[in-house]
Amino acid sequence: MNMGKKIQEMAVWLEFLVGSGLAIFFHLVLHYEQAAYVIFGIGILLALGTYLIREEIEKNRSHLVEQYQQAHEIPFAMAGIADPECLAKAHELIAGTRRTITILQQGYIPLDENEFYLEGAKLSDQAVREIRAVDPLMAGWWTRGALVNFYQANLRALDRGVRIRRIFVVNREELGEPEVQKVLLSHYRDDIDIRIVYRDELPAAGEIIGRDTNSSFDFALYDDRVATDVFAHPGKYYGRKTAQPMEVAKYRHLYELIEHSAHTVSEDGDRIVPSAEVMPLAS
């Protein structure tokens, strides 16, 4: 027990003794019983009231001291760094932390690459209605373990009756590449509703309302409840997640713009092509 707490307890007992002493004096010496009872009652109330006030003051003081220490913890730590090179590195770390806090203030949780795909797998397992995604179509989809496990979660969602539509962003000249076709065929044959959109047909920057115009066009919506998005230029973090309704609505709007420009596809032999390019069978 610290000294301040002891003094508070002694003050309570002192106030109680003073009040009781006065009451006894009025009762035994002055024979004024009514005043004695009133003084005793007021003395107890005053002792209790001052005790509670001191407790509240002490609680607020402790809270303010804690806040002050938290607010000045980093400046105090910085002041203890003497080496200029170490100090420069500390400033660099603080700048990165500020950027992360800015992302959190906007309602987004930053994620590294493994966390990003793990979160996507978890959200796929939690989905009950639909998953809508936009992904860049790249070779090597099946060579990355995080993506393979994420795709398995998509298949589990399909088995539960969740609708999945994935719009692949592709360059026109890449569509015929064997690795790209392998990705498209696997999705198509697994009953995922896939579309393709050519990069030169993506929404113009002016159409992307409320979003960074330097978009990666690599995001997903889960039951229109949660959105995940890959940063256009990943650095410390690969992507982010948000469940803020206003932010999710922005991704829903962007998805609708991209979907409007997307092409449905069909299987033509062992190739996936835009439906408009499928040649009708000769009669």
Side-chain angles (χ1 to χ4, degrees), residues 111 113 116-172 174-203 208 211 215-232 238-241 248 250-268 271-277:
L111 305 164
E113 186 171 3
F116 182 85
Y117 287 111
L118 175 60
E119 193 64 36
K122 289 180 179 178
L123 290 169
S124 296
D125 286 332
Q126 295 168 5
V128 294
R129 293 187 293 105
E130 65 176 357
I131 299 171
R132 296 187 291 173
V134 175
D135 290 283
L137 183 51
M138 53 190 176
W141 179 285
W142 304 123
T143 63
R144 301 169 62 188
L147 268 172
V148 171
N149 292 328
F150 167 69
Y151 186 69
Q152 291 299 318
N154 279 194
L155 296 182
R156 291 194 296 271
L158 281 174
D159 291 339
R160 297 195 312 273
V162 176
R163 299 184 303 276
I164 299 180
R165 174 173 293 177
R166 176 164 284 121
I167 301 175
F168 283 108
V169 180
V170 61
N171 294 323
R172 294 177 186 271
E174 294 174 342
L175 187 58
E177 294 180 3
E179 285 297 314
V180 168
Q181 283 292 321
K182 181 180 177 181
V183 174
L184 290 172
L185 279 167
S186 62
H187 280 72
Y188 187 85
R189 290 171 180 174
D190 284 330
D191 294 326
I192 294 177
D193 181 6
I194 62 171
R195 311 285 174 90
I196 62 170
V197 62
Y198 297 116
R199 289 192 179 277
D200 57 10
E201 294 180 346
L202 287 168
I208 307 176
R211 255 186 67 87
S215 174
S216 67
F217 295 105
D218 189 354
F219 64 92
L221 291 157
Y222 299 86
D223 289 334
D224 284 343
R225 179 180 55 84
V226 181
T228 59
D229 181 25
V230 172
F231 289 127
Y238 181 78
R240 59 187 183 176
K241 177 189 82 166
V248 173
K250 293 176 184 178
Y251 285 102
R252 185 164 60 245
H253 174 68
L254 178 58
Y255 181 90
E256 290 167 355
L257 288 174
I258 297 172
E259 185 179 42
H260 183 67
S261 301
H263 301 267
T264 59
V265 297
S266 300
E267 185 174 2
D268 184 16
R271 297 178 67 251
I272 295 295
V273 296
S275 298
E277 297 180 13

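Basis for what follows: all heavy atoms, side chains included, without hydrogens, waters or symmetry-related copies.
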Beyond-backbone contact of D224 with E130, side-chain heavy atoms, under 4.5 angstrom: yes

Using side-chain heavy atoms (C-beta onward) and a distance below 4.5 Å, is L184 in contact with V265? no

Taking all atoms of both residues into account, what is the closest heavy-atom pair of [X] and [Y], and its distance?
{"X": "S124", "Y": "F150", "answer": "OG-CE1, 4.0 Å"}
{"X": "D229", "Y": "Y251", "answer": "OD2-OH, 2.8 Å"}
{"X": "L158", "Y": "V162", "answer": "CD2-O, 3.5 Å"}
{"X": "L185", "Y": "E267", "answer": "CD2-OE2, 3.8 Å"}
{"X": "P274", "Y": "Y198", "answer": "CG-OH, 3.4 Å"}
{"X": "G176", "Y": "R271", "answer": "CA-NH2, 4.4 Å"}

I would like to know whether Y117 and L111 meet side chain to side chain contact (heavy atoms under 4.5 Å, CB included); could you show each step before the answer? CA-CA 9 Å; Y117 287 111; L111 305 164; over 6 Å; no

Relative to the ring of [Y], is the ring of [X] parallel (under 30°), tilted (30 to 60°) or perpendicular (over 60°)?
{"X": "H187", "Y": "F168", "answer": "perpendicular"}
{"X": "Y238", "Y": "F116", "answer": "perpendicular"}
{"X": "F219", "Y": "Y255", "answer": "perpendicular"}

Please determine whether a side-chain nitrogen of the Lys or Arg among D135 and R166 lies less than 4.0 Å from a carboxylate oxygen of the Asp or Glu. yes

Run the numbers on L175 and Q181 for side chain to side chain contact (heavy atoms under 4.5 Å, CB included), then give the verdict. CA-CA 7 Å; L175 187 58; Q181 283 292 321; 4.2 Å; yes

To the nearest 0.5 Å, tell me how far [X] [atom1] sits from [Y] [atom2].
{"X": "I131", "Y": "Q126", "atom1": "CD1", "atom2": "CD", "value": "10.5 Å"}
{"X": "L137", "Y": "I167", "atom1": "CG", "atom2": "CD1", "value": "13.0 Å"}
{"X": "L257", "Y": "H260", "atom1": "CG", "atom2": "NE2", "value": "8.5 Å"}
{"X": "R156", "Y": "D125", "atom1": "CZ", "atom2": "CG", "value": "4.0 Å"}
{"X": "I258", "Y": "H253", "atom1": "CD1", "atom2": "NE2", "value": "10.0 Å"}
{"X": "I272", "Y": "I196", "atom1": "CD1", "atom2": "CD1", "value": "9.5 Å"}

For D193 and R163, what are the C-alpha separation, side-chain angles and deciding distance, and is it a salt bridge (charged side-chain N to carboxylate O under 4.0 Å, His left out)? CA-CA 8 Å; D193 181 6; R163 299 184 303 276; over 6 Å; no

Please test D190 against Y151 for side chain to side chain contact (heavy atoms under 4.5 Å, CB included), starting from the C-alpha separation and ending with a verdict. CA-CA 11 Å; D190 284 330; Y151 186 69; 2.6 Å; yes

Side chain to side chain contact (heavy atoms under 4.5 Å, CB included) for R225 and R129? Distances and angles first, verdict last. CA-CA 11 Å; R225 179 180 55 84; R129 293 187 293 105; over 6 Å; no

